[in-house]
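In this chain, numbering begins with 1 at the start of the sequence shown.
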Amino acid sequence: MITDKINHPPHYTSHPSGVECIQITEGFSFNIGNAIKYLWRADEKGAPLDDLRKAGWYIEREITRRINAANTTKSVSSTSSHESTRPSG
């Protein structure tokens, strides 16, 4: 059997479920999808600790992104609520 290393590399298609990694990751945000990708292939490419660290890097990036988004939302809603209670005139 010939392996298609471009469209269906073995480290993405060898999962016992028969599901290809991209079928799962496409439903997630960029950071979460990449973390899943690195976890998925961690034991398939010969450097599992590197792939686990890369997954962790994407997870930390997503945590930071969500914290920043929450802080921005709080800041905007806080500003909006102060403006609405300001006396006119």
Side-chain angles (χ1 to χ4, degrees):
M1 182 162 124
I2 298 175
T3 306
D4 182 348
K5 292 184 179 183
I6 302 299
N7 296 303
H8 304 285
H11 55 276
Y12 291 146
T13 59
S14 62
H15 193 270
S17 69
V19 174
E20 193 167 341
C21 183
I22 196 166
Q23 294 173 282
I24 304 300
T25 61
E26 283 181 327
F28 291 90
S29 69
F30 181 80
N31 290 326
I32 301 282
N34 274 321
I36 292 169
K37 175 183 74 171
Y38 282 109
L39 292 169
W40 189 281
R41 72 182 200 183
D43 292 323
E44 301 297 324
K45 291 190 71 182
L49 292 178
D50 287 347
D51 280 337
L52 293 173
R53 285 184 186 104
K54 289 175 186 176
W57 186 86
Y58 280 105
I59 291 167
E60 286 298 323
R61 188 171 175 89
E62 182 65 16
I63 290 168
T64 299
R65 187 190 71 74
R66 290 181 184 209
I67 289 169
N68 290 340
N71 289 338
T72 300
T73 302
K74 285 179 189 174
S75 176
V76 169
S77 65
S78 173
T79 302
S80 297
S81 66
H82 289 300
E83 289 175 357
S84 65
T85 59
R86 210 180 281 162
S88 60

ask   = Side-chain heavy atoms under 4.5 angstrom apart, residues restricted to Ile, Leu, Val, Met, Phe, Trp, Tyr: same cluster for W40 and F28?
value = yes
ask   = Taking the side chain as C-beta and beyond, is there a heavy-atom pair between V19 and I24 under 4.5 Å?
value = yes
Backbone of I59 reached by a side-chain donor or acceptor of E62 within 3.5 Å = no
ask   = Looking at CZ of R66 and OG of S29, how far apart are the two atoms once the value is rounded to the nearest 0.5 Å?
value = 6.0 Å
message = How long is the straight-line distance from NZ of K37 back to CZ of F30, given to the nearest 0.5 Å?
response = 7.0 Å
key: Check: K74/N71 side-chain N/O donor and acceptor closer than 3.5 Å   = no
remark   = Distance col, row N34:CG vs T25:OG1, nearest 0.5 angstrom, shows 7.5 Å
Minimal non-hydrogen separation, Y38 against R41, with atom names = CE2-NH2, 3.0 Å
task = For salt bridge (Lys or Arg N to Asp or Glu O under 4.0 Å), just list the numbers for K45 and D51, CA-CA rounded to whole Å, side-chain angles, deciding distance to a tenth of an Å, and then say yes or no.
result = CA-CA 9 Å; K45 291 190 71 182; D51 280 337; over 6 Å; no
task = Please round to the nearest 0.5 Å and tell me the distance separating atom CG of L39 and atom NZ of K54.
result = 12.5 Å
